[in-house]
Number of protein chains: 2
Amino acid sequence: MKKTILVFTLLIVSLYTLFRVSKYSLILGETSIEFIIITIAVIFFIIGVYINKKSLHKSRNISEEINHQKIKEMEITSREYEVLQAISKGLSNKEIAEKLFLSESTIKTHVSNLLVKLNAKRRTQAIQIAKDHKIL
Amino acid sequence: MKKTILVFTLLIVSLYTLFRVSKYSLILGETSIEFIIITIAVIFFIIGVYINKKSLHKSRNISEEINHQKIKEMEITSREYEVLQAISKGLSNKEIAEKLFLSESTIKTHVSNLLVKLNAKRRTQAIQIAKDHKIL
DNA sequence: ACAGGCTTCATACTAAAGTACCAAATATCT
DNA sequence: AGATATTTGGTACTTTAGTATGAAGCCTGT
């Protein structure tokens with residue numbers, strides 16, 4: 001938000017400056033109209049590229065962000081989500097159990113519940129489905 | 001390539017048109033210099049946004065493209081790669097076998113070889129490693 | 001023609017993954 | 001405090017995954 005305001009302020013200031021410069025130049029007869037037009041064109045071309053890059057960058061990150069709303073909708077609990085993340089990293093149930101200081105039985109329970117909630121038959125499918133829903 | 005040429009051609013034409021219009025307008029005294037500047041600014045701003053969007057789109061796709069070179073380096077054969085893709089979609093060995101009209105034994109062999117080549121212990125880990133190497 | 005890699009498949013096995021069902025401790029919310 | 005959801009864990013079982021080994025047919029380059 002702050003950046004947007006800054007950019008637009010700079011835009012207005014540069015526009016105003018261009019007015020003054022171009023007018024003085026014309027009155028003094030030193031600069032040709034072609035030069036002014038080219039200058040303006042180049043400046044605003046660069047501004048266009050810059051703003052677009054920024055906005056695209058943001059929207060790209062948003063699209064790759066995790067959909068927390070969807071996690072709630074699917075009724076995936078926080079512990080289950082931790083297990084899901086571990087699965088996507090390629091860990092086995094035993095490894096996940098060690099990582100979270102739990103028994104393998106517990107992990108199996110979580111995984112089983114996850115598969116039902118994600119409507120998956122296997123953990124590999126769960127990864128795919130979770131990524132489709134932008135949960136991972 | 002063709003599009004780039006088209007865009008630059010349009011750029012030159014529009015620039016030339018602006019020259020003519022601005023000159024006539026000034027001579028005739030009908031249009032203010034401010035209006036011309038704003039027009040040019042807007043047009044080139046839009047052009048900047050457009051070109052940037054195009055180029056970013058291409059570069060983004062390139063960065064997310066599959067690293068075919070890496071596949072060769074890891075000595076993954078074409079059949080093995082097909083199996084790898086199927087694994088990442090969450091299919092079981094049986095399902096992969098049906099999809100490729102092969103026996104489950106064959107798929108198991110391919111998977112086993114894949115795990116060695118990818119230095120993975122499980123198929124889920126293979127997916128993760130493959131994505132890290134931009135093979136998937 | 002022959003070596004070498006690729007693909008295919010089988011058997012026999014071990015290891016993980018996943019299901020079903022139950023039970024208890026812990027939070028959480030009203 | 002009591003209902004509810006979460007988290008944890010167990011047993012017993014079935015299914016899938018993965019390993020090891022061997023073998024045969026098929027291309028490809030020499």
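Since this is a predicted model, take the numbers as computed values, not measurements.
At a cut-off of 3.5 Å, with distance as the only test, a side-chain donor of B:N93 or B:R123 sits close to an acceptor on the other residue. Between A:S103 and A:T106, the side chains place a donor N or O and an acceptor N or O closer than 3.5 Å (distance only, hydrogens not considered).
In this structure, B:L84 and B:L118 have side chains that are in contact, with non-hydrogen atoms separated by less than 4.5 Å. Looking at B:I87 and B:L91, their side chains never come closer than 4.5 Å, going by heavy atoms from C-beta outward. Counting heavy atoms from C-beta outward, A:K89 and A:K99 have side chains that approach closer than 4.5 Å. Contact of the A:K121 side chain with the B:S92 side chain is not registered, since no non-hydrogen atoms from C-beta on lie closer than 4.5 Å. Inter-residue side-chain proximity for B:E80 and B:V83 is flagged as unmet; no heavy-atom pair is nearer than 4.5 Å. Residues A:E98 and A:E104 have side chains not in contact (no heavy-atom distance under 4.5 Å, counting atoms from C-beta outward). B:L136 is not listed as a side-chain neighbour of B:I66, based on a closest heavy-atom distance of 4.5 Å or more.
Between D:dT19, C:dT8, D:dG10, one nucleotide has an atom nearer to the side chain of B:L115 than all others, and that is D:dT19. Side-chain proximity of B:T109 to D:dG18, D:dA17, C:dT8: nearest is C:dT8. Listed candidates were D:dA17, D:dT19, D:dT8. Nearest to the side chain of A:H110 is D:dT8. With distances taken from any side-chain atom of B:T106 to the nucleotides D:dG18, C:dG18, C:dC9, the minimum falls on C:dC9. Distance from the side chain of B:K108 is smallest to D:dA17 among C:dT8, D:dA17, C:dA17. Residue B:V111 has its side chain nearest to D:dG18 when only C:dT19, D:dG18, D:dT19 are considered.
Atom-to-atom, CD1 of B:I96 to C1' of C:dC9 comes out at 16 Å; the value is rounded to the nearest Å. Rounded to a whole Å, the CG atom of A:N113 is 12 Å from the C1' atom of C:dC21. Rounded to a whole Å, the NZ atom of A:K117 is 10 Å from the C1' atom of D:dA5. Following rounding to the nearest Å, B:E104 (CD) and D:dT19 (P) show an atom-to-atom distance of 14 Å. Nucleotide C:dT19 holds its P atom 11 Å from the CG atom of A:L114, rounded to whole Å. Between the C1' atom of D:dG18 and the NZ atom of A:K94 lies a distance of 15 Å, rounded to the nearest Å. Distance, B:L102 CG to C:dA10 P: 11 Å, rounded to whole Å. Atom P of nucleotide C:dG18 and atom NZ of A:K121 are separated by 13 Å, given to the nearest angstrom.
Counting any heavy atom pair closer than 4.0 Å across all strands shown, A:S105 reaches a base atom.
One end of the helix from C:dA1-D:dT30 to C:dT30-D:dA1 points its axis 60° away from the other end's axis, with each axis taken from 5 pairs and the angle rounded to 10°.
The side chain of A:S112 contributes an N or O atom lying less than 4.0 Å from OP1 or OP2 of C:dT19. Neither OP1 nor OP2 of C:dA16 sits under 4.0 Å from any side-chain N or O of A:N93. At the phosphate of D:dG18, neither OP1 nor OP2 sits under 4.0 Å from any side-chain N or O atom of B:R122.
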Q | Worked check of side chain to side chain contact (heavy atoms under 4.5 Å, CB included) between A:K70 and A:K134 | A | CA-CA 8 Å; A:K70 196 79 189 176; A:K134 303 200 171 175; over 6 Å; no

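At a non-hydrogen distance threshold of 4.0 Å, A:T77, A:S78, A:R79 from residues 72-87 of chain A come into contact with DNA chain D.
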